[in-house]
Amino acid sequence: MPFQHVKDILSGKLNGNRRVKLRGWVYLKRDLGDLQFILLRDGTGVMQTVARKGVTNPEAFEKARKAAQESSLIIEGSLKKEKRAPGGFEVLIEKIEIVGSSDNYPLAKKSHGVEFLMDNRHLWLRSPKQRCILRVREGVVDAAREFFRREDFVEVHPPMLTSSMVEGGATLFQVKYFDRKAYLTQSSQLYLEALIFSLEKVWCLAPSFRAEKSRTRRHLTEYWHLEAEEAWYGNEENIKLQEKLVSFICNKVGENYQEELETFNIDPKRLCTVKPPFKRMRYEEAVSKLQRKGFNVKYGDDFGSREERALTIDIKKPLFVTNYPIEIKAFYMKEDPDNPGTVLCNDLLLPEGYGEVIGGSERETGYEKLVKRIREIGESVENYKWYLDLRKYGSIPHSGFGLGIERLIMWMLKLQHIREAIPFPRTPDRIYP
Ligand code: 4AD
Ligand code: MG
């Protein structure tokens, strides 16, 4: 007899009153003496199963009684409609096989401190809530891939080991590369810039690394970075592409992950109604707004989590902040010819206090300007020779952006901390498990 999946049964693909064969793990056990309830969890959902004394054969009843939380089981039985069971079905156990026992499961208790849960992340991931996050995460990536295919972008695969920095030396991880120094990439941007000369519109999803010492709720040292680079696009087209992408991802997840959203008490409408245009604000307006709110910031200061939170706490739509001063942004951003001293760039801030999810900009194309800015940040021009070549051989206007996948998921599911948006989070304090 073939195995069935819980989702197929609960979705009504299989009718009641028939034999089923399931395999999975004991999510919850309730021992009522003559009744042994086992909530069996597989990769797709949770099914109530029950052994009844006097009805279930004694051998199977005894195994059901013994089956401990998170032991793995194969259960055969008859499927019945049961209003009181989660999902509306129940399996009356006829045969049961304990595949792997599970004594003293560390997460058996109902509540645990976060540190304990993080130390047991490899087990915590089994919980239905964590499974929902992982599924939504897949939905986000799926939607992004669909979006870029529709928009005629080519997916590319840049290196993670690099010879130079992109986003500033302060957050660079250095690794020993045989007898030389190398770095873990902070962003694939420079490589995407090279690839547009071959493919015009490219995107990638790859890990980026930041040696961020900041212990905030939204920083990881390793995160998944969705980046796009577009030949011939100006800053405005780049911004429009970002709002279209974010709306597309939100709408898709809102439509296709209602059950998962419900688990987090999120009305799918919150995601289904995200649509362009997003709000916009220039950096200098943002500074004034913060000053009115009592922040001690002045023109030229960069924004951190607190400032971004204040800017977005009372808005419902994502917000683009544009035209940051050139001094506080990366060397590759193009100066705005109409507003010298500022760059053609945007940060996209998520509403409800969540803050930055995207950094984007039009790229500087002037060879001499780039050389000057590379020198200003104290880098060796020699290391960027290949990058500067792109400005020597058929240079074109172009733009691009990078989106932090975990930040987006965090907002979508209203997670308190970014660490739950990735299976095995890396932070300054944690590289285990
Ligand atoms: O703003 P950032 O540093 O921009 C870049 O890296 C550009 N080179 C991207 C590009 O234009 N191709 O990073 C982009 C995004 C941020 O907006 C944020 O969502 C995410 O990456 N991010 C982080 N996510 C989690 N933990 C961290 N430490 C992050 N640092 C950046
Ligand atoms: Mg940024």
Side-chain angles (χ1 to χ4, degrees), residues 133 136-137 140 167-168 170-171 186-187 208 210 212-227 238-239 242-243 245-247 249-250 253 264 266 270-271 274 276-325 328-330 333 343 345-361 401-422 425 427-428:
I133 301 176
V136 165
R137 187 180 165 104
V140 167
E167 296 298 327
T171 62
Q186 296 170 304
S187 159
S208 278
R210 304 282 169 107
E212 301 264 12
K213 298 242 171 58
S214 38
R215 288 167 174 74
T216 74
R217 296 184 300 126
R218 51 175 215 163
H219 283 96
L220 295 165
T221 52
E222 176 184 281
Y223 70 97
W224 284 77
H225 203 173
L226 186 163
E227 293 182 272
N238 189 40
I239 287 180
Q242 293 166 47
E243 57 191 8
L245 166 71
V246 170
S247 303
I249 295 175
C250 290
V253 171
F264 287 85
I266 286 163
R270 182 164 165 274
L271 299 181
V274 176
F278 294 170
K279 285 176 174 294
R280 295 202 194 184
M281 185 182 276
R282 295 167 61 87
Y283 165 86
E284 62 193 41
E285 293 171 60
V287 170
S288 305
K289 183 170 172 180
L290 288 168
Q291 287 169 344
R292 284 197 301 278
K293 285 188 171 230
F295 277 79
N296 182 21
V297 289
K298 54 181 190 316
Y299 192 94
D301 291 346
D302 205 358
F303 302 152
S305 308
R306 277 182 63 243
E307 288 80 12
E308 288 178 9
R309 185 177 160 76
L311 289 171
T312 57
I313 192 74
D314 45 14
I315 58 174
K316 290 274 171 248
K317 247 182 184 288
L319 168 72
F320 285 112
V321 179
T322 64
N323 282 91
Y324 283 79
I328 58 172
K329 283 294 185 189
M333 291 188 183
V343 276
C345 74
N346 70 268
D347 276 6
L348 178 63
L349 311 186
L350 289 171
E352 299 158 341
Y354 281 82
E356 180 184 345
V357 67
I358 293 184
S361 66
F401 63 88
L403 176 154
I405 289 284
E406 291 79 15
R407 296 242 179 122
L408 183 61
I409 295 167
M410 198 181 158
W411 172 73
M412 284 177 146
L413 296 177
K414 297 191 184 179
L415 302 179
Q416 288 299 309
H417 199 293
I418 197 167
R419 65 187 156 220
E420 283 190 62
I422 186 165
T427 57

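Any value given below was found using the heavy atoms of this structure, including those in side chains, with hydrogens, waters and symmetry copies removed.
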Under a plain distance cut-off of 3.5 Å, with no hydrogens placed, do E284 and N323 share a side-chain donor-acceptor pair? no

Under the rule for ring pair (Phe, Tyr, Trp, His ring centres under 6.0 Å), what residues qualify as partners of Y283, not counting sequence neighbours? Y299, F303, Y324

By ring pair (Phe, Tyr, Trp, His ring centres under 6.0 Å), which residues pair with H219, not counting sequence neighbours? none

Not counting sequence neighbours, which residues clear side chain to side chain contact (heavy atoms under 4.5 Å, CB included) with [X]? List them please.
| X | result |
| --- | --- |
| P425 | M118, R121, L220, R419, I422 |
| S208 | Y223, H225, E227 |
| I313 | K293, R309 |
| K316 | E352 |

Residues that [X] engages under salt bridge (Lys or Arg N to Asp or Glu O under 4.0 Å), provided they are two or more places apart:
| X | value |
| --- | --- |
| R215 | D429 |
| E307 | none |
| R218 | E308 |
| K414 | none |

Does a side-chain heavy-atom distance below 4.5 Å link L408 with L403? yes

F320 pairs by side-chain contact (heavy atoms from CB on, under 4.5 Å) with which of L349, D347, N346, I358? N346

For S361, side-chain hydrogen bond (donor to acceptor under 3.5 Å, both in side chains) partners two or more places apart: R363

Residue set satisfying side-chain hydrogen bond (donor to acceptor under 3.5 Å, both in side chains) with K213, at least two apart, ordered chain then number -> none

